[in-house]
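Side chains included, hydrogens not; waters and symmetry mates left out as well; all remaining heavy atoms used. So that the names make sense, note that chain A is the first sequence line, chain B the second, and so on, each numbered from 1.
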Amino acid sequence: MRMLQVGRWLTAIGLVLLAGVYVRALSYTPVEQTQGLAQKIFYLHVPAAIWAETAMILVGLASVFYLFTKDPRLDRFAAASAEVGTIFCVIVLTTGPIWGKPIWGTWWTWDARLTFTLFLFLLYVGYLLLRGAVPDPAMRARYAAVLGICGMCEVPFIHLSVYMFPTLHPMPIVLQPGRPKLPGSMLTTWLLSLGVFTLLYVGFVVQRYALSYLREQLEAAGEVGHA
Amino acid sequence: MQSPKLLRHAWTVASKDLLVEFRSRTAILSAAVFVVLVLVVFNFGRDPTAVSNVDLAPSILWVTFTFAAILAMNRAFQLELENQALDGLLLAPIERSSIYLGKLIANLVFVAGVELIGVPLLALFFNVRVLPYLGPLLALIALATIGFVAVGTLFSAMTTRTRFAELLLPVLLLPFMIPPLSWAVLATGRLLAGRPLSEIVGWLNMLAVYDIVFVTLAVFLFPATVNE
Amino acid sequence: MQSPKLLRHAWTVASKDLLVEFRSRTAILSAAVFVVLVLVVFNFGRDPTAVSNVDLAPSILWVTFTFAAILAMNRAFQLELENQALDGLLLAPIERSSIYLGKLIANLVFVAGVELIGVPLLALFFNVRVLPYLGPLLALIALATIGFVAVGTLFSAMTTRTRFAELLLPVLLLPFMIPPLSWAVLATGRLLAGRPLSEIVGWLNMLAVYDIVFVTLAVFLFPATVNE
Amino acid sequence: MLLAEGLRHSFGAVRALDDVSFGVSSGQTLAVFGPNGAGKTTLLKVLAGLILPQRGRAQVEGGRRAIGWIGHQPQLYGQLTVRENLRFWASLYDVPESEFLLRKDSLLGRLGLQDHEHRRVSELSRGLVQRAAIARALIHDPRVLLLDEPFTGLDRMAAEELRELLSEDAAEGRASVLVTHNVDEGAELATHIAFMRAGRFAHFAPRAGRGPQQVSEDYRNAIA
Amino acid sequence: MLLAEGLRHSFGAVRALDDVSFGVSSGQTLAVFGPNGAGKTTLLKVLAGLILPQRGRAQVEGGRRAIGWIGHQPQLYGQLTVRENLRFWASLYDVPESEFLLRKDSLLGRLGLQDHEHRRVSELSRGLVQRAAIARALIHDPRVLLLDEPFTGLDRMAAEELRELLSEDAAEGRASVLVTHNVDEGAELATHIAFMRAGRFAHFAPRAGRGPQQVSEDYRNAIA
Ligand code: HEM
Ligand SMILES: Nc1ncnc2c1ncn2[C@@H]1O[C@H](COP(=O)(O)OP(=O)(O)OP(=O)(O)O)[C@@H](O)[C@H]1O
Ligand SMILES: Nc1ncnc2c1ncn2[C@@H]1O[C@H](COP(=O)(O)OP(=O)(O)OP(=O)(O)O)[C@@H](O)[C@H]1O
Ligand SMILES: [Mg+2]
Ligand SMILES: [Mg+2]
């Protein structure tokens, strides 16, 4: 199938570019003064976090439109986006502690940002489990849509939670009202990285979408075969 | 959607639920006992010299309210399954949303009942002064309760009909209960510590927004959770 | 009373209960979620500078275990009512006491399951060191759990068949649950604070005596709670 | 008034409905007979809209409001009295108070429940509960009746009364689908007869004046 | 084998049993007919020992172990399979494993449940559940059968099979009390017939060869 191939190519290009970004980050971007090399993980951590949240929002948007149109393509996209979002969430949850250990001296603390990210991950897991648990395709799509929309509305609250609680985690530097306070070359590297993650997101989603389409075809064929 | 009818049917469903609960009183009494047990546990467990009352009170309060909410949500749809009346409800020519709203109202009344028992008991056992802050405290409790009961009721409706999904309810629910709960605990702490109201206004606003978003969502999404 | 038969039947009843719970898993998951919620509430509600972890841990532990026990006891007889199998159980030619023992075993396994989830979670969330005291801690938890679950199971059996007593259950139960619970909380506190074992031996003995007295009593009294 | 087109539904590997199509018009009564597990209850649930069929379409003129349903379970709250139950369901169907009182009294009277109106449903005997379930299903004067073994637990007088109620209903233009195992009970009410087996209609035709005896024989031939 | 002496029982103001006495000996079958709410279920529960009568005494030879009971409810766990249910009840009755397997296979075979042995009870249709409930009641080879409307929900083949099972049981010397509303189903199995009304036996006598027709007529006369 062509779509599957397109997805694979996009992902491959994304991975190569990611390596490129890190070459730039390590050799051409200044080292942050207080954190040293540990700060380099920033270029993985933050774009992954942004896409982990965005993917959930896209799931929700697709779900809203699904409930109106009942177009199975939207449902498939939502599923794909959730799967990819889960992966990005895992990246955040692994890069965060790796970064945290040298900076904070501990892998994990139960502050708001970290806890809420953990529960965002749980939300993704719940979403995927729910999809696995409902055998009837129409019902599965509707239930998943309900959860997806709720999930989308949950994201802003998670995002804003850092403002509400005393927390160790840095406040938003890039995504904040007003101008980003990041030195120029760091910003460029970071923007490149964000672009690469976008490409990765698209690549993964296209692949998962194509796969679930194929699986549905097979399922339908299987059912006809049974009769 | 004809709104007066929607509300009337919702009230019919809610008042039936409350009547059934009033007749059996099992759930409310379990909740009351739990409140007392929690208070006793903390009363004995606390070293009065190390931990002051006001530091603990908010957490204790919210643990008991969470328990009440879980109980209420279990009760709400269990009741229909027990009496095999869920099919009848689904068959009735009413907006699906009115079933949701009815269950929500009944759950809120139930949880409010437990809260009305819990707050004075806490004040009594722990010698916490709640009277000076009663107004804002009640507002805070109401706002937070609505938020997490609204989401919980929605999901419990979704999962009563599917065998597997029942396993999921808790997993689904957690991410949605934790934000309002954690705001509520923090705000209650400030309030009971006698901090100025302005310090908790931010949280109250967040809770209010959360309530509005999720109640609206639930009313619109509930129909999608039942076969149409 | 033929003791091997009594135990065999009790085990038959218990393993059936556990199989049903394993198939649906509703109760154990509710309990697990509740554990997480309690931990989160206390995590956010606690001012780390004012309240140290070790001061809170015992109370939190026992609140969640109490919740699990209440859930288990509700479940135990609810299950028979739901499937209308209670009449069948009462009709079977088995010692009444074996029904009680069976339910007790199932409840204990259930509560133990929750405790096995709860202790590590507590250690994780609150950074409390439990490993050095693991042996005595487990003994303490086991003794206290047996005590209050034994009494609770007896009373909940009594109340499933009679409408009036249902209202009384909580009231009856409270005075019996409070002593073992309060000993357990106090002892856990000492233990986690790293005090020498000798300080809690007294409580452990008390709990052991309580268990022996009430399990024996319940086994003999249970037959009187069902129609003969 | 009631139309089923190519209904199919499976529970996992069990095919409960397998290409069932038929129609029932005003005044007609379709009696469905079939062995246990044939899919009769599933068919009624699909018609009522309680189960969404995996294939095919079921349509009832007038939608949910028009349906009166008696299922395997009474759909009454044990903790409420008969009257409280009826009032609850009536108000969900927007039955005006005056009409509710009239219909309630007439139904309770005919079903012999006058003395039990204020008793809790959990205290009633099985047959009395079934009578209350019948009253519940008819309280909103439905145009289409879906009846799943409605005679269960009824004594002879009540069964007689129910038959009378149903034939009056048919005379007034209601359409019904009646599932039962007792040919004697169902055959004479029916204008059409269907025999169901493993999710399919093995036979579906007008009764054409055949008596219980003959229907019984047809059934044996169709199912064996 | 079964003796009732002056049984009385009231639920609040409702007199469910009012001075009922009778005996059933080995090989006999007592069929009890009566309108809804007459007290038939209460009578069976008192005989089984599930309700302690306020006056009088009920005795079953062999005690609880000897009783096989089919009530209004199936007494099966929906979350367990048919086989798991049967095994559970069999082990409460101390049925040895080998005998359990034999009886289970024979009962499931005769009741047409072979294909459903490994399905959960909650997934079965009503009639299939009732069949499983019958198997459950007979798994320990009881000497005395107390049957409360055991034909409910059964299709014709299963009802036929149950009648056969019951008449074999009677031939082997079991005693039974059978409550049903359908005279056709119950009359031919019975050696004795009782008509019950408002908690009393309005009639209690050997059947003496009377057919369903005549029993029906007697019933009408006795109750009216
Ligand atoms: C331990 C687990 C961690 C988790 C789960 C986590 C989670 C997140 C999330 C979800 C975001 C996205 C913020 C948003 O856009 O809403 C984020 C951003 C960020 N994180 Fe972390 N983080 C962790 C550890 C760390 C550590 C140790 C550091 C460095 C000290 C760090 C520094 C940052 C920075 C600088 C941002 C960008 C903020 C912005 O500009 O929006 N994180 N993190
Ligand atoms: N919820 C369910 N899950 C799994 N299987 C089911 C479910 N409901 C019904 N079935 C199966 O579908 C088939 C048809 O069931 P249905 O209840 O429609 O039969 P029925 O004709 O009404 O039988 P009966 O005469 O016994 O009431 C049966 O094999 C049944 O076990
Ligand atoms: N638990 C109870 N509480 C109150 N009243 C009860 C209870 N059980 C039975 N009754 C009442 O006792 C009377 C006899 O009930 P019973 O169930 O014995 O009747 P039945 O002859 O079996 O009727 P049916 O043919 O409807 O099954 C009825 O009026 C019933 O309402
Ligand atoms: Mg059926
Ligand atoms: Mg009865």
Side-chain angles (χ1 to χ4, degrees), chain B residues 23-34 36-38 40-47 50-52 54-67 69-71 73-74 78 81-82 148 159 163 166-171 173-174 177-178 181-186 188-189 193, chain C residues 23-34 36-38 40-47 50-52 54-67 69-71 73-74 78 81-82 148 159 163 166-171 173-174 177-178 181-186 188-189 193:
Chain B
R23 289 268 162 83
S24 61
R25 261 162 294 191
T26 356
I28 193 98
L29 275 171
S30 300
V33 168
F34 186 73
V36 174
L37 282 178
V38 168
V40 168
V41 165
F42 277 98
N43 194 45
F44 282 101
R46 174 178 59 103
D47 180 355
V51 183
S52 89
V54 175
D55 287 330
L56 273 189
S59 304
I60 295 177
L61 213 58
W62 284 103
V63 165
T64 54
F65 297 171
T66 311
F67 173 81
I70 292 185
L71 210 69
M73 288 170 323
N74 274 346
Q78 202 58 45
L81 291 183
E82 215 169 87
F148 66 82
T159 53
R163 178 147 50 87
E166 198 168 280
L167 302 182
L168 289 176
L169 175 64
V171 181
L173 212 51
L174 263 180
M177 286 186 74
I178 283 177
L181 209 54
S182 44
W183 302 329
V185 176
L186 283 176
T188 312
Chain C
R23 288 269 163 84
S24 61
R25 263 164 292 190
T26 354
I28 191 97
L29 274 171
S30 300
V33 167
F34 186 73
V36 174
L37 281 178
V38 169
V40 168
V41 166
F42 277 99
N43 185 54
F44 284 104
R46 174 178 58 102
D47 179 357
V51 183
S52 90
V54 175
D55 287 331
L56 271 188
S59 304
I60 295 177
L61 213 58
W62 285 102
V63 164
T64 56
F65 296 172
T66 311
F67 173 79
I70 292 185
L71 211 67
M73 289 171 321
N74 274 347
Q78 202 58 42
L81 290 184
E82 216 169 87
F148 68 81
T159 54
R163 186 142 45 86
E166 196 167 282
L167 300 183
L168 290 177
L169 168 67
V171 183
L173 206 53
L174 265 181
M177 286 186 76
I178 286 177
L181 209 54
S182 46
W183 300 330
V185 176
L186 285 175
T188 312

- Okay, B/Val63 and chain C: the region with an atom under 4.5 Å from a heavy atom over there is both
- Note on the structure: Pair count under 4.5 Å, heavy atoms only, with chain B: among C/Ser182, C/Gly189, C/Ala184, highest is C/Ser182
- Message: With a 4.5 Å cut-off on side-chain heavy atoms, are C/Phe148 and C/Ile178 touching?
- Response: no
- Can you tell me how far the CG atom of C/Leu61 sits from the OG1 atom of C/Thr66, to the nearest 0.5 Å? 9.5 Å
- When heavy-atom pairs shorter than 4.5 Å are enumerated against chain C, which of B/Thr188, B/Leu181, B/Leu174 gives the highest number? B/Leu174
- Task: Could you check which of B/Val40, B/Leu37, B/Val38, B/Thr64 has the highest count of heavy-atom pairs closer than 4.5 Å to chain C?
- Result: B/Leu37
- Please name the pair of heavy atoms, one in C/Pro58 and one in C/Val185, separated by the smallest distance, quoted to 0.1 Å. CB-O, 3.8 Å
